[in-house]
Amino acid sequence: MSSTNVERHVIQNSDDVVRVRQAVRRAALDAGLSLVDQTKIITAASELARNTLDHGGGGEALLERLADGGRSGVRIRFEDTGPGIADIDAALRPGFTTGRGMGLGLGGARQLSNEFSIVSELGQGTRVTIARWK
Amino acid sequence: MDRIPILKIGPALLVTIQVDLHDDVAMALEEDLGNRIVKSGAKGVLIDISALEIVDSFIGRTLANIAGVARLLDAETVVVGMRPAVAITLVELGLSMPGIRTALDAERGMAVIRARIAEVGTADDHVVDKR
């Protein structure tokens, strides 16, 4: 798989969450995703960017435009160096929240993506990667 | 900080959300709406989200909070103008937005609010008749 064009976006405040959303929107448009798929990946990215800010204490998003033969898509990796997630299975369940959200962020983002992976270590941080293909 | 304008139209207040909602803007809107409901005695709140490309759980929670505050102040909230792609995404996200009525557009939303006023009016008359 060859991927091109990686963008790095810092997430330190709620303006940055909006900026990440806009960047993902541009990339999803460029990848030729349908309107519904664009909406899904932008929404998933918005959830994860907010998690990075609220739970991870800030971090960054790495946005990749994917091209694999005839396929195109978007992949976003969210990284923070926050407290990490003790129980990932619990965190993925709908309704689980330690913050002020509705507890749909992580599980919702997985639901809205074609690819989803999460690596988290207590005291080290969390890395969540999502992708959506055309 | 941006504040979202609140317009009074008949028995309802109309809010059109066009900007990307930030935390402080969302909180200010909740507060402003509460004050305007009390001051105007409005029985309904129409929230037009036709300009929103996405509704994530943060925006969903803001809308639910507004509806909750409005309900305690005797006003019904109707969210209007949701895009189809947003509705599809919300269902997949698992965000059902309980307690929020929706209508396709502002006109239909206004009809919902007028119907509620008519209903409440009848109920009041009924109580008066009993006395």
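First the proteins, then the strands, lettered A, B, ... as listed; each starts at 1. No hydrogens, no waters, no symmetry mates; every other heavy atom, side chains included, goes into these values. For clarity, every value in this text was computed on a predicted model and none was experimentally measured.
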field: R116(B) with D74(B): basic N within carboxylate O range, under 4.0 Å
entry: yes
NZ (K40(A)) and CG (L33(A)) are apart, to the nearest 0.5 Å, by 11.0 Å
Turns out that what part of R25(A) lies under 4.5 Å from chain B's heavy atoms comes down to side chain
* E76(B)/K43(B) salt bridge by N-O under 4.0 Å criterion -> no
Applying a strict 4.5 Å limit to non-hydrogen atoms, the region of Q38(A) in contact with chain B is neither
Comparing V86(B), L90(B), V55(B), D56(B) against chain A, the one with the most heavy-atom pairs below 4.5 Å turns out to be D56(B)
Taken to the nearest 0.5 Å, the spacing of S113(A) OG from I76(A) CD1 works out to 7.0 Å
If one checks every heavy atom of D15(A) against chain B at 4.5 Å, the contacting part turns out to be both
Max heavy-atom pairs within cutoff under 4.5 Å with chain B, candidates S34(A), S46(A), A44(A), goes to S46(A)
Fill in: Flag, side chain of R132(A) to backbone of L112(A), donor-acceptor distance under 3.5 Å
yes
